[in-house]
Amino acid sequence: MGQFSVGANTIPAEEVEAAAVAQIKTVLVSPEAIASVCVLLTRNGAPVDEPSAVLALVKLGGVWEQLFPVERRRIVHLMIERVDLFPGGLKVKWRELGWKDLIGEFSPESIGAERVAMEVPA
């Protein structure tokens, strides 16, 4: 991987990636954060069923570490449009349509939900 410069400091790309993934994991385990995402999507013309979204994404958050690395990478690219670095932190710009797709993909009875069940050991 590479490095990123923030002011006079250089940050390894692995640290930036780890921080962005930590943001995703924080959202996935917080029903309140998921509800906020649903409100944002609905406000921008992409209505979603909030209870189904909360169930789907909390379940995904619970099995995140057991997913294959390629699946985690695909989800990260689906959810994140851009990461902006600044001294003392980073700001993740979410890909709104990616969230909607992810919610649909991991809703109960979906292929994504079945795939998660298959990847995670019982």
Side-chain angles (χ1 to χ4, degrees):
M1 291 215 158
Q3 295 187 339
F4 296 95
S5 295
V6 179
N9 298 323
T10 302
I11 302 170
E14 295 86 8
E15 289 182 27
V16 174
E17 182 178 327
V21 169
Q23 291 281 324
I24 289 173
K25 288 166 56 175
T26 297
V27 171
L28 291 177
V29 297
S30 169
E32 296 82 12
I34 296 169
S36 295
V37 168
C38 292
V39 168
L40 177 67
L41 291 171
T42 300
R43 194 176 304 144
N44 290 330
V48 295
D49 177 49
E50 186 176 321
S52 293
V54 170
L55 288 173
L57 296 180
V58 166
K59 180 176 181 178
L60 176 59
V63 299
W64 179 266
E65 295 301 325
Q66 287 83 35
L67 294 176
F68 292 120
V70 68
E71 180 65 3
R72 288 194 306 254
R73 194 173 310 115
R74 183 189 71 81
I75 292 170
V76 167
H77 288 285
L78 188 63
M79 296 170 77
I80 294 179
E81 182 175 325
R82 185 177 75 234
V83 176
D84 294 322
L85 302 172
F86 57 89
L90 61 85
K91 180 179 180 188
V92 173
K93 178 164 177 32
W94 303 110
R95 191 180 310 272
E96 290 179 28
L97 291 178
W99 278 97
K100 182 162 176 42
D101 290 347
L102 191 67
I103 290 166
E105 190 175 318
F106 288 94
S107 292
E109 308 301 321
S110 69
I111 292 173
E114 291 175 13
R115 190 170 58 218
V116 166
M118 289 173 42
E119 285 187 22
V120 177

Practice task
State, yes or no, whether a side-chain contact exists between Q23 and W94 at a heavy-atom distance under 4.5 Å.
Solution key: yes

Practice task
Decide whether I24 and L90 are clustered together by the hydrophobic rule: side chain heavy atoms of Ile, Leu, Val, Met, Phe, Trp, Tyr closer than 4.5 Å, transitively.
Solution key: yes

Problem - Co-membership, hydrophobic cluster, residues W64 and I103, 4.5 Å side-chain - result: yes

Problem - Non-hydrogen atoms of R95 and H77 that approach each other most closely - result: NE-O, 3.2 Å

Problem - Spatial distance of atom CZ (R73) from atom CD (E17) [nearest 0.5 Å] - result: 7.5 Å

Exercise for the section: Following the transitive rule for hydrophobic clusters with a side-chain heavy-atom cut-off under 4.5 Å over Ile, Leu, Val, Met, Phe, Trp and Tyr, establish whether V29 and L60 coincide in one cluster. Expected result: no

Practice task
Of all the heavy-atom pairs spanning I34 and L28, show the shortest one and how long it is.
Solution key: CD1-O, 3.8 Å

Problem - Same apolar cluster: V39 and V58, side chain cutoff 4.5 Å - result: no

Problem - Member of I75, V76, V16 meeting the side-chain contact (heavy atoms from CB on, under 4.5 Å) criterion with V21 - result: V76

Handout entry: Closest contact, heavy atoms only, V83 versus A20
Key = CG2-CB, 4.1 Å

Problem - Closest non-hydrogen atom pair between E50 and C38, with its separation - result: CA-SG, 4.0 Å

Practice task
Give a yes or no on whether the backbone of K93 and the side-chain of R82 come within a donor-acceptor separation of less than 3.5 Å.
Solution key: no

